[in-house]
Amino acid sequence: MKNLLFPLVIVLFFSTIATAQDIEYTVANIPAELKENANAVVRLDQKNIVIASRKSMVVTTKRVVTVLNESGLSYMDLSEYFSGKERIKSIEAQFYNAFGKEIKKVKRKDFKENSVSEGSIISDNKLLHYDYTPVEYPFTVVFLSESETSNTAFMPRWFAVPGFSASVEKSNITIKVPSDLGFKYKESNIEGNPNITKEVKGDGVSFTANNMAAYKREDYSPSLDSYIPNVIMGLDFFHLEGVDGVATNWKDFGTWMYSNLLKGTEEIPLETQNKIKALIGDEKDPLKKAKIVYKYVQDKTRYISIQLGIGGWKPMLAKDVDRLGYGDCKALTNYTKALLEVVNVPSYYTIIYGDRQKRDLNQDFVSIQGNHAILGVPVDNKMYWLECTNQKTPFGYQGDFTDNRLALVIKPEGGEIMRTKEYPALENTQISKGNYIVDGQGNVSGTIQIKSKGTQYDNKFMYENSSNDDLVKFYKKYFWNISNLKIKKINMLNNREDIEFSEDIAIEALDYAKPTNGRMIFALNLYNQMGEIPQRYRQRNNPFEVSRGFYDYDEITIDLPKGYVVEAKPENVTIKTDFGEYKTELVMVTESQIVYKRTYQSNPGSYDKKDYENFRKFKEQIAKSDNAKIALVKNQ
């Protein structure tokens, strides 16, 4: 009997261990509320950061993610970046099926190493990654890694959830750091959240999030990090690619950048100095001199991103840019600055976040931030911001890539946070004047002249040198409401001095207002219909944002077909809300000619989710009015 019981106990013991392992990664164990609106569930995201000194940081990661469907694959993140100053000490992954059974194990040798350099990007950064192709959903991946670096200028930012449509069972970050390095952190959207706990220790801090439901992507949602719980961290005294740095305040940080990253890079060859001075001639106006230099840089150089070692943050030498004719944003900005110094025009190297979605430098947290460099040129108490990487951008024009956001201006005496140019709604104009004729068969033909300024200029000027085929595709999409459209003429004029883009378009279309039983019905607004209506939500979860405003004015003369009279026409419309104003007006010039006037001003702003339905109705009213139809009847 004893001999029979002993093997049975052994079997039961190991069976219990295996079952416990299976249960840990079983999909059935995920709470139902964490599966709602989720493409992936982060079962565990554990990150431990140990900073032993100014030149030593070790990061250990364990991440367990259940991928529910194909859209959740991006949350596996089976990769680590490294370069000369970073070393991946260990990396591996395991995969489990829906029942918690291991289906694959991946060791370091199975990970692929790739250079980040590609096309116009030159970098010494490398990526160690594993590409997994699932055979079934859902599945769970366990990712483990440990890396060390001498660069302590950048510390991981902690997010309670990793992105839209991903929920979290548990996420934790723990930091240990010597007290003399000036460790600091800033919490956002955490206070009062019952799912998040913080533990402060003598040598660091720990944040933990539990049972975070997935955030659903919704129309007009602002950037996720503006409203989800997150923490940024950094050091007052850090190390970057062999250089010690200081980030106690923006002034001192700017001084460090100027002394260690910019100073000594400005030398311009004598031949080029003489060429620039000859171009300037007797010109005394600093603004005109700056425009001449800016055009010289645009004509001479092209953009290539260079991220080699400290060169990822320090501009390459101006004399090398002059010789090679290319550089990244740092190099081209610094080169333009150096050329301006030759002709005694002061300017300031400036760090900023460049993106279509506006993003400020965090004014209350001093650290290396930003992903782009531009140049500030002060003239007569006004700062002109120059984009030095684009050969076509007009002087002093920012557009929606660097507009209206906080940037760090580097001066010899230190750094200063400044806001770049804001483009108010009434500066972002599109003024359209045109005409069209409807004939007796319901065919339409006409011309439209459009002038765009402000950020609306930004939407157009890149088409200046497009092929005719590409332009036809663009205008067929632009005039989306016109069936059977033919583009008969396209003329464009890019006025870089006044920063205005003009379009002169001729169109025609068959059967726009096809006669039926002696009547014609067609939409009066031929050229500028707004078709987008924001999605309706039974319950809106996120705040919403209109990042930029604009102003449209249309004045169109319409010639009606001979033998027809107006039977019914739309009423004039006026809508005024916090989100903007909209107005239409019909003027009957004669029985056969109408002038259609339309004004639409959209206001920028950040709004509470409770206001979303009113915003949606405002846009819906505009779309309805834009599609308002006139009815004609054949004169008996």
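Numbers here are sequence positions counted from 1. Excluded from the calculations below are hydrogen atoms, water molecules and symmetry mates; all remaining heavy atoms, backbone and side chain alike, are included.
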Would you find a donor on one side and an acceptor on the other, under 3.5 Å apart, between the side chain of Asn37 and the backbone of Ala214?
-> no
Output yes when a side-chain donor or acceptor of Arg63 lies under 3.5 Å from a complementary backbone atom of Asp77, and no otherwise.
-> yes
Paired with Phe544, the ring pair (Phe, Tyr, Trp, His ring centres under 6.0 Å) test is passed by just one of Tyr227, Tyr537, Tyr607, Tyr220, namely Tyr607
Are Lys421 and Glu427 close enough for a salt bridge, meaning some N to O gap below 4.0 Å?
-> yes
Trp250 side chain to Val409 main-chain N or O, any donor-acceptor pair under 3.5 Å?
-> no
Going by the angle between their ring planes, with limits at 30° and 60°, are Tyr130 and Phe111 parallel, tilted or perpendicular?
-> tilted
Give me the ring orientation class for Phe183 and Tyr185: parallel if the planes are under 30° apart, tilted from 30 to 60°, perpendicular past 60°.
-> tilted
Quick one: pull up CE in Met530 and CG in Asn627 and give me the separation to the nearest 0.5 Å.
-> 11.0 Å
Any side-chain heavy-atom pair from Trp385 and Thr350 closer than 4.5 angstrom?
-> yes
Can you tell me how far the CD atom of Glu86 sits from the OH atom of Tyr81, to the nearest 0.5 Å?
-> 12.0 Å
How far does CZ of Phe579 sit from CG of Asn603, to the nearest 0.5 angstrom?
-> 10.0 Å
Verify, without hydrogens or angle tests, whether Thr333 (side chain) and Ala373 (backbone) share a donor-acceptor contact under 3.5 angstrom.
-> yes
Is Lys184 atom NZ crowded by more than 12 heavy atoms from other residues, nucleotides or ligands, each under 6.0 Å away?
-> yes
Are side-chain heavy atoms of Ile368 and Phe154 found at a separation under 4.5 Å?
-> yes
Could you walk me through whether Lys62 and Val142 pass the side chain to side chain contact (heavy atoms under 4.5 Å, CB included) check?
-> CA-CA 7 Å; Lys62 180 178 182 181; Val142 179; 4.2 Å; yes
Looking at the rings of Phe550 and Tyr423, which for Trp means the six-membered one, are their centres under 6.0 Å apart?
-> no
Rounded distance (nearest 0.5 Å) linking atom CE of Met57 with atom OG1 of Thr149 = 6.0 Å
Candidates Thr152, Leu235, Asp236 - the one meeting side chain to side chain contact (heavy atoms under 4.5 Å, CB included) with Leu181 | Leu235
Salt-bridged, Glu613 to Arg616, with N to O below 4.0 Å?
-> yes
Donor-acceptor pair, side chain of Arg405 and main chain of Tyr353, under 3.5 angstrom = yes
For Gly370 and Ile351, the nearest pair of non-hydrogen atoms, with its separation, is CA-CG2, 4.1 Å
Can you name the nearest heavy-atom pair linking Phe139 to Pro134, along with the distance?
-> CE2-CB, 3.5 Å
Please determine, by modelled atom types, if Thr174 and Asn172 share a side-chain donor-acceptor pair under 3.5 angstrom.
-> yes
Residue pair Thr577 / Asn614, side-chain heavy-atom distance below 4.5 Å | no
Would one find more than 12 heavy atoms of other residues, nucleotides or ligands at under 6.0 Å from atom CD of Glu70?
-> no
Would the number of heavy atoms belonging to other residues, nucleotides or ligands and lying under 6.0 Å from NZ of Lys186 be above 12?
-> yes
Is any NZ, NE, NH1 or NH2 atom of the basic residue among Glu187 and Lys198 found under 4.0 Å from an Asp or Glu carboxylate oxygen of the other?
-> yes
Taking all non-hydrogen atoms of both residues, which atom of Val42 and which atom of Pro162 are closest, and how far apart?
-> CG2-CG, 4.0 Å
Heavy-atom distance under 4.5 Å between the side chains of Ile30 and Arg43, does that happen here?
-> yes
Compare all side-chain heavy atoms of Leu68 with those of Tyr75 and state whether any distance is below 4.5 angstrom.
-> no
Should Asn230 and Asn189 be marked as a side chain to side chain contact (heavy atoms under 4.5 Å, CB included) after you check the CA-CA gap, both sets of side-chain angles, and the distance that decides it?
-> CA-CA 7 Å; Asn230 66 91; Asn189 311 311; 3.9 Å; yes
Is it the case that more than 12 heavy atoms not belonging to Glu191 sit under 6.0 Å from its CD atom?
-> no
Considering all heavy atoms of both residues, which atom of Asn362 and which atom of Gln369 are nearest to each other, and what is their separation?
-> N-OE1, 2.7 Å
Could you check Asp403, Asn428, Asp400, Thr455 and say which one makes a side chain to side chain donor-acceptor pair (under 3.5 Å) with Arg548?
-> Asp403
Should the pair Asp360-Arg419 be classified as a salt bridge under the 4.0 Å nitrogen-to-oxygen rule?
-> yes
Does atom CZ of Arg108 have more than 12 heavy-atom neighbours from other groups under 6.0 Å away?
-> yes
For the pair Lys358 (side chain) and Ser547 (backbone), establish whether a donor and an acceptor sit closer than 3.5 Å, ignoring hydrogens and angles.
-> yes
Derivation of the side-chain hydrogen bond (donor to acceptor under 3.5 Å, both in side chains) call for Asn39 and Asn69 = CA-CA 6 Å; Asn39 296 321; Asn69 53 52; 3.1 Å; yes
Nearest atoms (heavy-atom pairs only) where Ile533 meets Ala623 | CG1-CB, 3.8 Å
Between the side chain of Thr420 and the main-chain N/O of Thr402, is any donor-acceptor distance below 3.5 Å?
-> yes
Let me see the working for Glu80 and Ser145 under side-chain hydrogen bond (donor to acceptor under 3.5 Å, both in side chains), right down to the final yes or no.
-> CA-CA 8 Å; Glu80 291 286 358; Ser145 73; 2.6 Å; yes
Glu218 side-chain N/O to Asn541 backbone N/O, donor-acceptor pair under 3.5 Å | yes
Measure from the side-chain N and O atoms of Trp256 to the backbone N and O of Ala247, and report whether any donor-acceptor pair falls under 3.5 Å.
-> no
If you measure from CD on Glu148 to OG on Ser90, what distance do you get to the nearest 0.5 Å?
-> 10.5 Å
Dump the intermediate steps for side chain to side chain contact (heavy atoms under 4.5 Å, CB included) on Phe238 and Asn151, then the final yes or no.
-> CA-CA 8 Å; Phe238 59 86; Asn151 290 329; over 6 Å; no
Do the non-hydrogen side-chain atoms of Phe401 and Arg356 ever get within less than 4.5 Å of each other?
-> yes
What is the minimum heavy-atom distance between Pro178 and Ala52, and which atoms define it?
-> CG-O, 3.5 Å
Between Glu33 and Asn211, does a side-chain hydrogen bond (donor to acceptor under 3.5 Å, both in side chains) hold up when you go through it step by step?
-> CA-CA 9 Å; Glu33 60 271 19; Asn211 299 317; over 6 Å; no
To the nearest 0.5 Å, how far apart are CG in Leu224 and CZ in Phe164?
-> 4.5 Å
Flag side-chain contact, heavy atom, 4.5 Å: Ile228 against Met212 | no
Would a distance-only check, ignoring hydrogens and angles, find a side-chain to backbone donor-acceptor pair under 3.5 Å from Asp203 to Ser179?
-> no
Got Thr140 and Val64 here, is their nearest side-chain heavy-atom distance under 4.5 Å?
-> yes
Exceeds 12 heavy-atom contacts within 6.0 angstrom, atom NZ of Lys35 = yes
Scan side-chain atoms only and decide if Asn249 and Asp252 contain a donor-acceptor pair under the 3.5 Å cut-off.
-> yes
